[in-house]
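Proteins come first, then strands; the chains are lettered A, B, ... in the order of their sequence lines, and each starts at number 1. Atom set for the values below is all heavy atoms of this structure, side chains included, hydrogens, waters and symmetry mates excluded.
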Amino acid sequence: MSSPDDALQTPRSSEVEAAPARLQIASHEQDLHTAREALGGSLPARKRFVEHMRCVPRYLCVLNHRLGRPFSDHELEDLTQETLVEIWRRLDSYAGLASLPTWAFRFCQQVLSSRLRSRRRRPASTELFESEGSPVAPGTSLDFEHVHNAIERLPARDAAIIRLKHFEELTFEQIAERLAMPPSSAKADYHRSIERLRELLDVWHRKGEGWTP
Amino acid sequence: MSKTMSNNGEHDDLTRLLDEVGRREAEERRAGDALEDAPGLHDVERVLEEVWGSSPPKRAWRWPLYLGLLAAAAAVIGLMLFRLESPQKVTGPAGELLGDGDLVIHRPAASPGQWPDHVAWSGPKGLEYVLRIVEYADGAEGRELFAPRAIIAFEQPLPAEVTRSWPDKIKLLLEARNKEGAEQGAAEAIWERSR
């Protein structure tokens, strides 16, 4: 499974100190502290982290509902566990550009999407009839998985700018402040990033990997 | 001209698509935040505590790194002192001619039967690195074990709970990119599990 390379993600603090360049400045400092301290073994931080992660089963529930409930409650409990493990495994890449729940949301999408794909690969007789709901119905953010996959393949800075602009709904001034750059550069970099994303999606589309402008 | 217009049109379509993705995700998150209950909600704490119980804090391994850095610093200082005491020689070609700044993957030590708890590399500063790890058997690459991702550092942790299920032979592919995304070099390494 590919990971939500949220360029909203960089190495953890000690790695950043040793890093050749720091791309961005965290705006969710408290969440970033919580993540780092939780990784370091701090019990109070881990308690705070648990509270943040209570969003995971809720997000999975909403996504499952929007998909037409392909997964039963029991399966959602399994998916919750799988998602939490994956989030913890990748927590060292959280950079604090998005809140922890927003960052976790993408993991929910990916785990759900991955499970759906593996279900589709199985013979229909083995599992589809075990779940409560109907197979997948359109209309969720999972439909846009190819967009996320393409963003994850962009250079970290490009991905960060696009995410801040469209998913965090920041203005160019706010993006510039967040990334410690002049507003004019933020705008120019954004347009260049969009162009790269378009080219990437275009290539995928030509290969039949799904892009429908 | 028409090509430019076409690009502009596609550009607009893409920004609209991104806005739609962002809007829909925000709506889904709001709906989730408003839920009072959900399957698995009461298991969150238990699941995380089980994960924490099965793996030590991720920074615990770093003390050998600090020791290593201290040793490396001591070695550099020793070498500098030695050079100061040695008679000056005419130096030959240096820098890139000798491969300084090359991208090299380093394998840290690991216990028998285990994979190292991180992978490190050396290379030019100011770049981002994209690491990918795949299964390697009979001279061919197999399934992906570590999806490519940009890393702004010279190392990547490899948690035991992840590497535990890896096969005995893996291939690491590392690519350096500048901020424009252009490739600046690449390195590969084939590792076998420690015996």
Worksheet item: Does A:K187 NZ have over 12 foreign heavy atoms under 6.0 Å away?
Response: no

Practice prompt. Decide yes or no for A:T80 and B:V47: does some side-chain heavy atom of the first lie under 4.5 Å from some side-chain heavy atom of the second?
Written response: no

Worksheet, complete the sentence: In terms of heavy-atom pairs under 4.5 Å with chain A, the winner among B:P39, B:G40, B:G32, B:A34 is B:P39

Practice prompt. With a 4.5 angstrom heavy-atom cut-off, could you sort out which part of B:E49 is near chain A: side chain, backbone, both or neither?
Written response: neither

Practice prompt. Taking B:E128 for its side chain and A:A156 for its backbone only, find out whether a donor-acceptor pair lies under 3.5 Å.
Written response: yes

Item to complete: Go through A:Q109 and B:E28 one step at a time and tell me if the side-chain hydrogen bond (donor to acceptor under 3.5 Å, both in side chains) criterion holds.
Response: CA-CA 11 Å; A:Q109 290 176 309; B:E28 287 166 349; 4.6 Å; no

Worksheet item: Looking at B:R177, B:E27, B:R16, B:R23, which makes the most heavy-atom pairs under 4.5 Å with chain A?
Response: B:E27

Worksheet item: Checking B:L18 against chain A: side chain, backbone, both or neither under 4.5 Å from a heavy atom?
Response: both

Worksheet entry | Choice from A:P57, A:S193, A:C55 maximising heavy atom contacts with chain B below 4.5 Å | A:P57

Worksheet item: With under 30° as parallel and over 60° as perpendicular, where do the rings of A:F49 and B:W52 fit, or are they tilted in between?
Response: tilted

Worksheet item: Can A:L197 and B:L14 be said to form a side chain to side chain contact (heavy atoms under 4.5 Å, CB included), step by step?
Response: CA-CA 9 Å; A:L197 179 65; B:L14 180 55; 4.0 Å; yes

Discussion item. When you measure from the side chain of A:R58 to the backbone of B:L35, do you find a donor-acceptor pair of N or O atoms at a distance under 3.5 Å?
Written reply: yes

Discussion item. For the CG atom of B:D13 and the CG atom of A:L201, what is their distance to the nearest 0.5 Å?
Written reply: 12.0 Å

Fill in: Interatomic spacing from CZ in B:R29 to SG in A:C108 - rounded to 0.5 Å
10.5 Å

Worksheet item: What distance separates A:Y59 OH from B:E25 CD, expressed to the nearest 0.5 Å?
Response: 11.0 Å

Fill in: Inter-residue atom distance B:L41.CG - A:L60.CG, 0.5 Å rounding
11.0 Å

Discussion item. For chain B, which candidate among A:D78, A:L79, A:L76 shows the most heavy-atom pairs at distances under 4.5 Å?
Written reply: A:L76

Worksheet item: B:H42 and A:E77: side-chain hydrogen bond (donor to acceptor under 3.5 Å, both in side chains), yes or no, with the steps?
Response: CA-CA 10 Å; B:H42 303 292; A:E77 287 171 7; over 6 Å; no

Worksheet item: More than 12 foreign heavy atoms under 6.0 Å from NE2 of A:H74: is that the case here?
Response: no

Discussion item. I want to check something: taking the side chain as every heavy atom from C-beta on, are B:T15 and A:H166 in contact at a cut-off of under 4.5 Å?
Written reply: yes

Item to complete: Taking the side chain as every heavy atom from C-beta outward, state whether B:V21 and A:H148 have any atom pair closer than 4.5 Å.
Response: yes

Worksheet item: Yes or no on side chain to side chain contact (heavy atoms under 4.5 Å, CB included) for A:M53 and B:L48, after CA distance, side-chain angles and deciding distance?
Response: CA-CA 9 Å; A:M53 290 303 106; B:L48 286 171; 4.1 Å; yes

Discussion item. Please report the interatomic distance NE2(A:H146) to CG(B:L17), rounded to the nearest 0.5 Å.
Written reply: 6.0 Å

Worksheet item: Taking A:S42, A:C61, A:P101 one by one, which has the highest count of heavy-atom pairs under 4.5 Å against chain B?
Response: A:C61

Worksheet item: Hey, are B:E45 and A:R54 close enough for a salt bridge, meaning a charged N less than 4.0 Å from a carboxylate O?
Response: yes

Discussion item. Please classify the contact of B:A26 with chain A as side chain, backbone, both or neither, using a heavy-atom distance under 4.5 Å.
Written reply: neither

Worksheet, complete the sentence: Turns out that what part of B:R46 lies under 4.5 Å from chain A's heavy atoms comes down to side chain

